[in-house]
Protein chains: 2
Amino acid sequence: MSQKLNQIFSALADPTRRDILMMLLEDDMAVTDVAEPFDMSLAAISKHLIVLSNAGLILQERRGRVKWCKLDTEAIHAAFIWIQSFGQLDPMNLDSFEEFLETEKLLNKPGST
Amino acid sequence: MSQKLNQIFSALADPTRRDILMMLLEDDMAVTDVAEPFDMSLAAISKHLIVLSNAGLILQERRGRVKWCKLDTEAIHAAFIWIQSFGQLDPMNLDSFEEFLETEKLLNKPGST
DNA sequence: CTATTATTCAACTATTTGGTTGAATAAAGT
DNA sequence: ACTTTATTCAACCAAATAGTTGAATAATAG
């Protein structure tokens, strides 16, 4: 579980990989097509895709000589849940929650207890 | 912005650092107290705290010879927003959304277009 | 002033990461 | 069969990461 979160967060820590995920939001893609917009070798993209796959952020399925990549929501969901549970952020009221935290920050100076 | 997300996610990718954040959820702590439960040198924890601080996940404030660490919600909020915008996850309806995605998975096989 | 406590710095090490290139494999197309 | 297309493998490299230890700095206590 902790190990899985390690993989998910470190996969998300790379901007190329986040871009890939965004691209896959549009549609499933072959490895070559994923690589196309990047100024980077195909092998490098292939490695990024393996990292994403190991983290459970994408699924890869070979069809003939093409390997299709598609989003897998499982991992992103796990990350989402972790962050959500962290500090009981209320996603429906982020703005007001933010205000609350701003107030907290002012009131709850370190050492004030 | 992208750079900030890099820092936030890679800070969250380490289990020691996630543990530290969880500890700080309880209360603000001095560096030495943060280090106490870990089987690791103080210097190592100090470095982890600097990583968390650089990512904007915590704030550190020196009071006398003690440096207090407290959560900063700014960064976790940014990560939350990124993930939330990703795939338009509706946090209030995660279960039904999950079901939706399961259905999508079955219908939207790669190469089905 | 001296000792103690809290924290960081500096130097070093091992491992991981993100990239490269060229060769290898796999599946079609002709 | 031969060629092209899609992807990965293997070997390599530079930089970053996570840890160590011992010395240095900073502030408080006696």
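Here the structure is a predicted model, which is why all the values come from computation and not from measurement. Sequence lines set the chain letters: A, B, ... in the order given, protein chains first and strands last, and positions in each chain run from 1.
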Closest heavy-atom contact between [X] and [Y]?
X: Cys69(A); Y: Leu24(A); result: O-CD2, 3.5 Å
X: Phe38(A); Y: Met23(A); result: CE1-SD, 3.7 Å
X: Ala78(B); Y: Leu5(B); result: O-CD2, 4.2 Å
X: Thr73(B); Y: Ile76(B); result: O-CG2, 3.2 Å
X: Arg65(B); Y: Arg62(B); result: O-NH2, 3.6 Å

_Using side-chain heavy atoms (C-beta onward) and a distance below 4.5 Å, is Ile20(A) in contact with Met29(A)?_
no
*Name all residues meeting the side chain to side chain contact (heavy atoms under 4.5 Å, CB included) criterion together with Ala13(A); count only those two or more places apart in sequence or in a different chain, and write none if there are none.*
Phe9(B), Ser10(B)
_Apply side-chain contact (heavy atoms from CB on, under 4.5 Å) to residues Leu12(A) and Trp82(B) and explain how you reach the verdict._
CA-CA 10 Å; Leu12(A) 293 177; Trp82(B) 186 88; 3.9 Å; yes
_Without decimals, in angstroms, what is the distance between Arg65(B) CZ and dA27(D) P?_
11 Å
*Round to the nearest Å and state the distance from Leu49(B) atom CG to dG19(D) atom C1'.*
15 Å
Under 3.5 Å, sequence neighbours excluded: what are the donor-acceptor pairs made by side chains of residues 42-58 of chain A?
unit_1   : atom_1 : unit_2   : atom_2 : d
His48(A) : ND1    : Arg17(A) : NH1    : 3.1
Asn54(A) : ND2    : Ile50(A) : O      : 3.4

For DNA chain D, determine which residues of [range] have any heavy atom closer than 4.0 angstrom to one of its atoms, and list them numerically.
range: residues 51-58 of chain A; result: none
range: residues 2-17 of chain B; result: Asp14(B), Arg17(B)
range: residues 36-45 of chain B; result: Met40(B), Ser41(B), Ala43(B), Ala44(B)

Between atom [atom1] of [X] and atom [atom2] of [Y], what is the distance when rounded to the nearest 0.5 Å?
X: Gln60(A); Y: Asp28(A); atom1: CD; atom2: CG; result: 11.5 Å
X: Leu59(A); Y: Leu71(A); atom1: CG; atom2: CG; result: 9.0 Å
X: His77(B); Y: Ile8(B); atom1: NE2; atom2: CD1; result: 11.0 Å

*Outermost DNA chain C nucleotides near chain B [under 4.0 Å, heavy atoms]*: dT4(C) to dA11(C)
_Inter-axis angle, terminal five-pair segments of the helix from dC1(C)-dG30(D) to dT30(C)-dA1(D) [nearest 10°]_ = 10°
*For Gly64(A) and for Lys47(B), locate the closest nucleotide of DNA chain C by heavy-atom distance; then report the residue assigned to the nucleotide nearer the 5' terminus.*
Lys47(B)
*When the nearest nucleotide of DNA chain C is assigned to His48(A) and to Val66(A) on a heavy-atom basis, which residue is associated with the more 5' position?*
His48(A)
*Going through the checks in order, is the side-chain contact (heavy atoms from CB on, under 4.5 Å) test met by Leu21(B) and Leu25(B)?*
CA-CA 6 Å; Leu21(B) 291 176; Leu25(B) 210 47; over 6 Å; no
*Which residue pairs satisfy the side chain to side chain donor-acceptor pair (under 3.5 Å) criterion with at least one member in residues 31-45 of chain A, sequence neighbours excluded?*
none
*Sequence neighbours excluded, which residues qualify as side chain to side chain donor-acceptor pair (under 3.5 Å) partners of Asn6(B)?*
Arg18(A)
